[in-house]
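These numbers were taken from a predicted model, which means no experiment stands behind them. Atoms within each ligand, like the ligands themselves, are counted from 1 in listed order.
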Amino acid sequence: MSQPKPMVAGNWKMNGLKASVSELSALSKMLETSAAASCDVLVCPPFTMLASFSDQADAEIFIGAQDCHSAASGAHTGDISAEMIADAGATHIIVGHSERRADHDETSTQVAQKAAAAHRAGLTAIVCVGETEQERDEGKTVSIVLSQLADSLPPSSTASNIVIAYEPVWAIGTGRTPTTQDVAEVHAALRSALIDRFSEAGSSIAILYGGSVKPSNAHELMAVDNVNGALVGGASLKATDFNGIIDAYRDA
Ligand code: 13P
């Protein structure tokens, strides 16, 4: 059974202007001068910076988008297609982030259509799932994330064109994280659902944890069984912090 290649991914959300490319250059330098990390590194800036980041990024850094429309082109004012994202040089698209599910009422069915669009354009879809605090308090965490997973993966999914990100909504931007036992429980449930769906190949799909990951807790969280990397918000905006999280995948 092949092991997942871990990934540390930065989701810049609605942050960053042209000048922020300096953080990308700083990160490149840090990756060059630090010990090699046994993970892929991905930076997902806003759409406005996708092309410049892709031009600037060296081979060690993948560039991704944070959303896409499900159609390839057409009369959808203000939207961006997966084909445009691929054309800008990106390789990944985050779909179904809880902020999009909440701010834009995106359903898992729509998320699956967006993931299918990413696949149509030859890109990897990073499919996000996660429970709200109320759902956790009601003991529904595992059933919620498994139903989000089942409904958010399109038929075009394979073990090599998806990454899963588990992000408890209440842990995003709050400084709070689940216990390592709680993370292990959810990741184990996701892993067995992936094996049910993709057979053995399901063991090679990376399952990222996201929600208040920072350099000080990354080692502990990344050491949890079935955690194959991180999806990082706030701490991805500064190269030094992001590199400090990548340290979890460097030999001590
Ligand atoms: P924070 O790392 O800021 O909590 O955000 C997590 C997140 O939503 C990444 O997609």
Side-chain angles (χ1 to χ4, degrees), residues 6-16 20 23 27 39-47 49-50 53 61-68 85 90-104 106 108 111 114-115 118 123-133 135-136 141 144-145 148-149 152 162-180 182-183 186-187 190 206-222 224 227-249:
M7 167 176 275
V8 175
N11 173 9
W12 279 30
K13 307 190 179 184
M14 198 171 71
N15 295 292
S20 318
E23 288 301 325
L27 179 64
C39 64
D40 287 334
V41 174
L42 172 73
V43 175
C44 302
F47 288 131
M49 296 187 295
L50 272 184
F53 273 40
I61 305 179
F62 293 103
I63 300 299
Q66 302 169 16
D67 179 46
C68 67
I85 291 165
T91 50
H92 294 68
I93 307 179
I94 298 170
V95 294
H97 191 282
S98 61
E99 287 153 14
R100 298 223 40 106
R101 291 179 188 263
D103 295 354
H104 300 272
E106 279 185 19
S108 290
V111 174
K114 291 177 178 215
L123 306 183
T124 297
I126 302 181
V127 178
C128 302
V129 297
E131 83 286 3
T132 62
E133 184 152 37
E135 288 162 345
R136 172 160 287 272
T141 299
I144 290 285
V145 301
Q148 286 175 340
L149 182 75
S152 301
I162 56 165
V163 168
I164 309 303
Y166 167 54
E167 299 204 307
V169 176
W170 52 273
I172 294 176
T174 59
R176 296 163 60 206
T177 54
T179 64
T180 51
D182 288 340
V183 173
V186 176
H187 280 241
L190 289 167
I207 309 176
L208 315 184
Y209 167 79
S212 297
V213 179
K214 44 192 182 218
S216 59
N217 63 17
H219 281 78
E220 189 185 23
L221 287 163
M222 299 305 105
V224 174
V227 172
N228 315 116
L231 182 54
V232 185
S236 70
L237 295 170
K238 287 273 159 268
T240 37
D241 291 342
F242 196 49
N243 190 50
I245 292 168
I246 294 168
D247 273 345
Y249 290 100

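- Each of the following atoms of ligand 1 lies closer than 4.0 Å to a heavy atom of G234: 1 (P), 2 (O), 3 (O).
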Problem set entry | Working for side chain to side chain contact (heavy atoms under 4.5 Å, CB included), residues V163 and L42 | CA-CA 12 Å; V163 168; L42 172 73; over 6 Å; no
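- Under the 3.5 Å distance criterion, with hydrogens and angles disregarded, no donor-acceptor pair is assigned to the side chains of Q66 and H97.
- Taking E220 as the reference, nothing meets the side-chain hydrogen bond (donor to acceptor under 3.5 Å, both in side chains) condition, with sequence neighbours excluded.
- For I172, no nitrogen or oxygen atom sits less than 3.5 Å from a nitrogen or oxygen atom of ligand 1, counting backbone and side chain alike.
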Problem set entry | From CA spacing to verdict: side chain to side chain contact (heavy atoms under 4.5 Å, CB included), S212, T174 | CA-CA 6 Å; S212 297; T174 59; 3.9 Å; yes
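- At under 3.5 Å, a nitrogen or oxygen of H97, whether backbone or side chain, sits near a nitrogen or oxygen of ligand 1.
- Comparing E167, R176, K13 against atom 5 (O) of ligand 1, the shortest heavy-atom distance belongs to K13.
- Relative orientation of the H187 and Y209 rings is tilted, given thresholds of 30° and 60° on the angle between their planes.
- For atom 2 (O) of ligand 1, the closest non-hydrogen atom of the protein is G233 N, 2.8 Å.
- For the salt bridge (Lys or Arg N to Asp or Glu O under 4.0 Å) with D67, the qualifying choice from K13, K114, R101 is K114, the only one to do so.
- No donor-acceptor contact under 3.5 angstrom links the side chains of S20 and E23, judged on distance only.
- Atoms of ligand 1 found under 4.0 Å from any heavy atom of G211, numbered from 1 in the order shown, are 4 (O), 6 (C).
- Near L231, meaning under 4.0 Å from any of its heavy atoms, are these atoms of ligand 1: 9 (C), 10 (O).
- Near S212, meaning under 4.0 Å from one of its heavy atoms, ligand 1 places the atoms 1 (P), 2 (O), 4 (O).
- In this structure, of S98, G173, G130, the residue bringing a heavy atom nearest to atom 4 (O) of ligand 1 is G173.
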